Amino acid sequence: MELTLAIAIGVLTGSGVWLILRPRTYQLVIGLSLLSYAVNLFIFSMGRLRVGAAPVLGADGMGNPAGYADPVPQALVLTAIVIGFATTALLLVVLLVSRGMTGSDHVDGRESG
Amino acid sequence: MDWAKHALIVPILLPLVTGAALLLIDETRHTVKALVGIASTVMLVATAFALVQLAGAVPEGAGAMSSAYAVGNWPAPFAIVLVLDRLSALMLALTSILALASLVFSTARWDRMGPHFHTLFQFLLMGLGGAFLTGDLFNLFVFFEVTLAASYGLLLHGSGAFRVRSGLHYIAINLAASLLFLIGVSLIYGVAGTLNMADLAVRLPAVPAEDRMLLQAGAAILGVAFLVKAGMWPLCFWLPPAYMAAAAPVAAIFVLLTKVGVYVLLRLTLLLFGSEAGELTGFGGAVLLWGGMATVAFATSGVLASQAMGRLAGYSVLVSSGTLLAAVGMGDTAVVSGALFYLVSSTFSTAAFFMLIELVERAREPGADLLTVTMEAYGDEADPEENEKEEVGVVMPGALAVLGVCFGCVALLLAGLPPLSGFIAKFAMLTGMLNLDGLATPSEIPARTWLLVALLILSGLAALVAMMRTGIRTFWAPLEVIVPRVLVVEVAPIVALLALCLALTIEGGAMISYTEAAARSLHDPSSYIQGVLGTSHPGADGR
């Protein structure tokens, strides 16, 4: 399971980095989105991978803490997803405005040579 | 009495509530919006000064505790905590004063150039206040994002192709940096198991050797995220165009955004990798020192090469960041104290410069710049705009003389010449570096310190040369002098900021003793740690 997750994060990061180095704004947005997926998975994995362990305590009290997954990274991931979603949406708007104003989808607003 | 304990959360709540309330006021009612925004910012200034008093009243030495505020009333290593010490109080005061100045400046015309200026501005202040007060790494991320989200809106304020293009770059760079931030934070959490900064400082020395590499990787990635915001070479190429594109009052408040990166680096390196960190002591110091020097060298050449004034100001921001980063990298108490003084002085002067540029540009003939084509395009549109301006407010008499004097003052401040505060700031830093109090013989001073001293002095000289050249071209050389139409509300904030720099010079002793106390408490993080971990509920800090 660790290997699968590591490969998934690696592939997402690699594709994301390649895409944000491309000159088109669409590639930039997709690249940033892929990178943020990779980062979210990475944060999640920092709470250690557990199968079948809940992050929330049951109604019957505490019990053995080792039987639960670490809730903090999950809370962090939720926050990161929300913030990433909002800022990517904003970037999309700017990108459309830039496309409308310059007539080009190049990140510099004009075609290079 | 009870209420005083809740003062720590006011710099976050006040702008949040004001910003939300401003959304409800219709966009056509400019005056009401501006008045509400200014009133809230004035209250913020008052709060910030109360907090400076509060932080300054904490005695130094063993057993001292910074004030901490447990937001959810959970015991300290859990949940979110706000911490106030001398450094954060200083940064809050700086933020609120600068905010008031640029808000007053914006009421002349910029706040009507697009929707929701005042709301975004308040949210920016909220993010800055939170970033300076928070005692938790992830919360720092959240407040960073609040600040950045508001800054995206503000950078695009006024629209236009240049702004949109720079805004696109700015947003993309900052999104990528935020992802690095998250990776760093989660790596640190994975190793240390906490995100509370005070708790981290306690736990880091105990991290086993096999995990230390991972921890250092996390801290380094986190550091890169802040260095992007602080604009260290080679992560700074986005900065001059973005600041040049921003509207004048926005650029003035953006000067603070680079200082947030510097603030966090200063806080974290001294808290986490200070003298008590065992094997980790001094981690990253060399990178900051050499990186800072490279930034100063790069920005100095940029200052000399700049033709447009906006670009000159952008590179001046970089000079100030580089100087601060190098000073943080030195890690010496006296140098950090001088650097804090420099931070205040350079922030005020660069912000004043950004606002001044817009007014001075009006005095230049269209086409005087290299950007002839765009200037002419603006020149055609200028007439209806000026008619509109006439009805707004009181026009400043003798505008050109006032602007010239202000420009001269800014030049003195940026170059670090007496009699203004730029000189005292540089002098304090140089004294610390050459260890004049400890009477070190020159042979004991390492070569890198001499290099930094030389760079600081050369950067001052370059600033002076560039400012003189620009000043001569703007105020003396034009054959036909166009007397710009300048409103009192536009000049007043600039004069106020420069007067504050003058006040810093006159009250230099008081200011230096405050920054020295701040630097000492940074180097001895025990008061910070005890303040946080000894707090179980608001106000349990023994006062």
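Since the structure is predicted, the reported quantities are computational estimates derived from the model, not experimental observations. Letters go in sequence order (proteins before strands), and every chain restarts at 1.
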Contact list (residues 3-12 of chain A to chain B, heavy-atom gap under 4.5 Å, by number) returns none

Notebook entry, point to check: chain B contacts: which residues in residues 20-31 of chain A have a non-hydrogen atom closer than 4.5 Å to it?
Noted result: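 Those residues of residues 20-31 of chain A which have a heavy atom under 4.5 Å from chain B are A/Thr25, A/Leu28.
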
**Asked** Does the side chain of B/Phe141 reach to within under 4.5 Å of the side chain of A/Leu76, using non-hydrogen atoms?
**Response** no

For the atom pair CZ (B/Phe162) and OG1 (A/Thr102), what is the distance rounded to the nearest 0.5 Å?
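One gets 14.0 Å once the value is rounded to the nearest 0.5 Å.
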
(message) If the condition is ring pair (Phe, Tyr, Trp, His ring centres under 6.0 Å), which residues does B/Tyr189 pass it with, not counting sequence neighbours?
(response)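 With sequence neighbours excluded, B/Tyr189 shows a ring pair (Phe, Tyr, Trp, His ring centres under 6.0 Å) to no residue whatsoever.
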
Among residues 164-188 of chain B, residues within the sub-4.5 Å heavy-atom range of chain A, in order of number, are B/Val164, B/Arg165, B/Leu168, B/His169, B/Ile171, B/Ala172, B/Leu175, B/Ala176, B/Leu179, B/Leu182, B/Ile183, B/Ser186, B/Leu187

Whatever's closer than 4.5 Å to a heavy atom in chain B on A/Met46 counts as both

Which atoms of A/Leu32 come close to chain B, meaning under 4.5 Å heavy atom to heavy atom: side chain ones, backbone ones, both, or neither?
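Both parts, heavy atoms under 4.5 Å.
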
### Task
Apply side-chain contact (heavy atoms from CB on, under 4.5 Å) to the pair A/Thr87 and B/Tyr152, showing each step before the final yes or no.
CA-CA 9 Å; A/Thr87 41; B/Tyr152 301 153; 3.9 Å; yes

Worksheet entry | Atom CE of B/Met213 with >12 non-hydrogen neighbours under 6.0 angstrom | no

Looking only at A/Thr88, A/Val39, A/Leu90, A/Val97, the option with the highest number of non-hydrogen pairs under 4.5 Å against chain B is A/Val39

Heavy-atom distances under 4.5 Å only: say whether B/Val146 touches chain A with side chain, backbone, both or neither.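 Answer is neither: B/Val146 stays 4.5 Å or more from chain A.
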
